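Notes follow once the structure below has been shown.
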Protein chains: 2
Amino acid sequence: MVRKTKENAELTRQAIIHAARAVFLVRGVSRTTMEHIAAEAGVTRGAIYWHFKNKIDLFHAMREQVFLPLIDRMDDTLLVEGSDSPLRNIENFLMGTIQILNESIETRQIYEIMMIKCEYVEDFSDVLQQIISNCSGITAKIALTYERARLKGELKEGLNPEQLAQDTNLFFTGLLHMWVKDASGTRFRQQAADLIRFHMQLRAK
Amino acid sequence: MVRKTKENAELTRQAIIHAARAVFLVRGVSRTTMEHIAAEAGVTRGAIYWHFKNKIDLFHAMREQVFLPLIDRMDDTLLVEGSDSPLRNIENFLMGTIQILNESIETRQIYEIMMIKCEYVEDFSDVLQQIISNCSGITAKIALTYERARLKGELKEGLNPEQLAQDTNLFFTGLLHMWVKDASGTRFRQQAADLIRFHMQLRAK
DNA sequence: ATATATACATACATCATTGTATGTAAACAA
DNA sequence: TTGTTTACATACAATGATGTATGTATATAT
């Protein structure tokens with residue numbers, strides 16, 4: 001059984017991505033070898049090199065499975081016109097992200113890999129640029145939503161939407177990082193919702 | 001020149017730590033070999049294995065040089081009794097940390113290594129626990145200071161010091177991460193001070 | 001029905017890395 | 001002054017990892 005159908009080949013590709021995630025998680029990206037991934041996926045390195053150019057290529061494929069949906073959801077949650085409570089939209093977006101982390105093992109593990117099991121050097125260093133620009137994209141959309149909240153009179157007086165968005169973005173960046181690092185769950189994972197609510201109350205009228 | 005005096009040996013030790021920092025920064029911790037470090041330090045692997053058990057041991061030695069002073073400074077800045085503005089103390093602590101990152105190449109590089117050039121797996125995974133507990137220590141001290149601020153009437157009404165501290169801690173965690181990733185400096189490094197001021201104004205009366 | 005491209009598995013050559021074992025000259029203690 | 005320990009350098013043995021080259025059976029196109 002050497003040559004497979006297209007559907008079978010796609011299954012193999014997915015199996016390799018899943019295997020990579022599993023191995024990255026326990027060994028870290030750098031210490032993971034193609035042989036590790038192949039063994040986990042039940043194939044040989046030949047299969048991996050057929051589907052992916054090298055480890056980075058595989059890494060990017062894994063990353064996309066989580067980040068493309070994130071962008072979509074953000075647009076759906078934040079950029080809806082004519083919402084009666086933009087502030088709620090922001091809160092819902094943050095809550096939704098946490099909820100996804102809670103529900104999706106896949107997403108959770110990929111976040112963990114990207115945050116504490118990957119070294120951003122050499123070929124990986126350009127991922128940082130993507131993260132930064134991604135981040136400013138998020139901030140911009142949050143800022144827009146804060147501006148709408150201001151027009152609706154939801155905000156305390158004298159608060160600059162742009163600065164609010166930056167503060168929220170940094171808060172959430174920190175929360176995600178601590179959420180991921182808090183494997184025991186006692187410190188941050190359980191209270192994430194409370195932290196978000198408090199953060200939003202700070203700026204609500 | 002084989003056997004050196006104690007002072008000379010200590011210099012060698014420091015040279016190895018410095019070299020490790022330089023190499024970790026460009027190659028990442030995992031991809032860095034003892035030979036790389038030895039070459040950078042102008043010694044052989046023999047010297048490194050004499051002073052350090054292995055790469056982790058060396059990593060911890062490097063880390064301590066930055067984090068022991070941090071704890072001291074935090075205590076000095078936050079836990080001063082009878083300050084007339086606890087809120088200012090918190091702001092000064094955050095500002096001071098950023099200032100140190102700006103001024104000390106060594107500190108900056110070690111933060112960068114720990115945040116985006118190290119994979120927390122296997123032997124390194126217990127560092128995460130240290131970070132978490134370190135973090136809750138910081139939050140506790142900030143909470144204490146917020147409580148003092150509340151007693152002095154510096155805070156807006158109805159704000160819980162503990163929650164404020166958590167929010168501040170997450171904000172600052174996020175800021176440090178973005179500060180480090182923002183190598184160009186344009187996004188976060190230049191406006192860090194403004195972001196901190198805004199964050200503090202959000203809770204000041 | 002045959003040719004060709006596909007989806008892998010296998011084999012190969014090369015280089016990198018680790019820990020330790022051993023060597024050694026100078027510092028230090030007695 | 002003579003051990004003895006220190007502070008390394010050198011040598012060794014074993015293993016791991018990469019990328020590519022090659023093999024091959026089957027799906028698919030014509």
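In what follows, every heavy atom counts, from backbone to side chain, and hydrogens, waters and symmetry copies are set aside. Since this is a predicted model, take the numbers as computed values, not measurements. The chains referred to below are lettered A, B, ... by the order of the sequence lines, with proteins before strands, and numbering in each begins at 1.
- Proximity note for B/K55 (side chain, C-beta onward) versus C/dT18, C/dC8, D/dC8: the nearest is C/dT18.
- In this structure, the CG atom of A/D123 is 13 Å from the C1' atom of D/dT18, given to the nearest Å.
- The side chain of A/K4 contributes an N or O atom lying less than 4.0 Å from OP1 or OP2 of C/dC8.
- A/D75 has a carboxylate O that lies under 4.0 Å from a charged side-chain N of A/K141, or vice versa, which qualifies the two as a salt bridge.
- The side chain of A/W50 lies closest to C/dA7, out of D/dA9, D/dT18, C/dA7.
- Residue A/T5 has its side chain nearest to D/dA27 when only C/dA7, D/dA7, D/dA27 are considered.
- Ring geometry, B/F59 versus B/F124: the interplanar angle exceeds 60°, so the pair is classed perpendicular (tilted spans 30 to 60°).
- Within residues 12-25 of chain B, the residues approached by DNA chain D to less than 4.0 Å at the level of any non-hydrogen atom are B/T12, in residue-number order.
- With D/dC8, C/dA11, C/dA9 as the choices, the nucleotide that has an atom nearest any side-chain atom of A/R45 turns out to be C/dA11.
- Between A/I48 atom CD1 and D/dA17 atom C1' there is a gap of 13 Å when expressed in whole angstrom units.
- A cation-pi arrangement is present between A/R63 and A/F67 under the rule of less than 6.0 angstrom and at most 45 degrees off the ring axis.
- Panel note: side chain B/Q191, backbone B/R187; a donor-acceptor pair is recorded below 3.5 Å.
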Item to complete: Kindly indicate, with the supporting measurements, whether the criterion salt bridge (charged side-chain N to carboxylate O under 4.0 Å, His left out) is fulfilled by A/E122 and B/R31.
Response: CA-CA 10 Å; A/E122 299 173 23; B/R31 297 163 188 239; 3.3 Å; yes

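- With C/dT10, C/dT18, D/dA17 as the candidates, the nucleotide lying closest to the side chain of A/T44 is C/dT10.
- B/R31 places its CZ atom 18 Å from the C1' atom of C/dT18, with the value rounded to the nearest Å.
- Checking B/E35 against B/G46, the closest nucleotide of DNA chain C that is more toward the 5' end is the one next to B/E35.
- Rounded to whole Å, atom P of C/dA11 lies 17 Å from atom OH of A/Y49.
- Between the P atom of D/dG19 and the CD1 atom of A/I56 lies a distance of 10 Å, rounded to the nearest Å.
- Following rounding to the nearest Å, B/E7 (CD) and D/dT6 (C1') show an atom-to-atom distance of 13 Å.
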Discussion item. Assess the residue pair A/D194 and A/R197 against the criterion (salt bridge (charged side-chain N to carboxylate O under 4.0 Å, His left out)); give the C-alpha distance rounded to whole Å, side-chain angles, the decisive distance to 0.1 Å, and a yes or no.
Written reply: CA-CA 5 Å; A/D194 289 337; A/R197 264 188 293 271; 3.0 Å; yes

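- Within the 4.5 Å cutoff, the side chain of B/M62 has heavy atoms near those of the B/F24 side chain.
- Regarding A/F52, its CZ atom lies at a distance of 14 Å from the C1' atom of C/dC8, rounded to whole Å.
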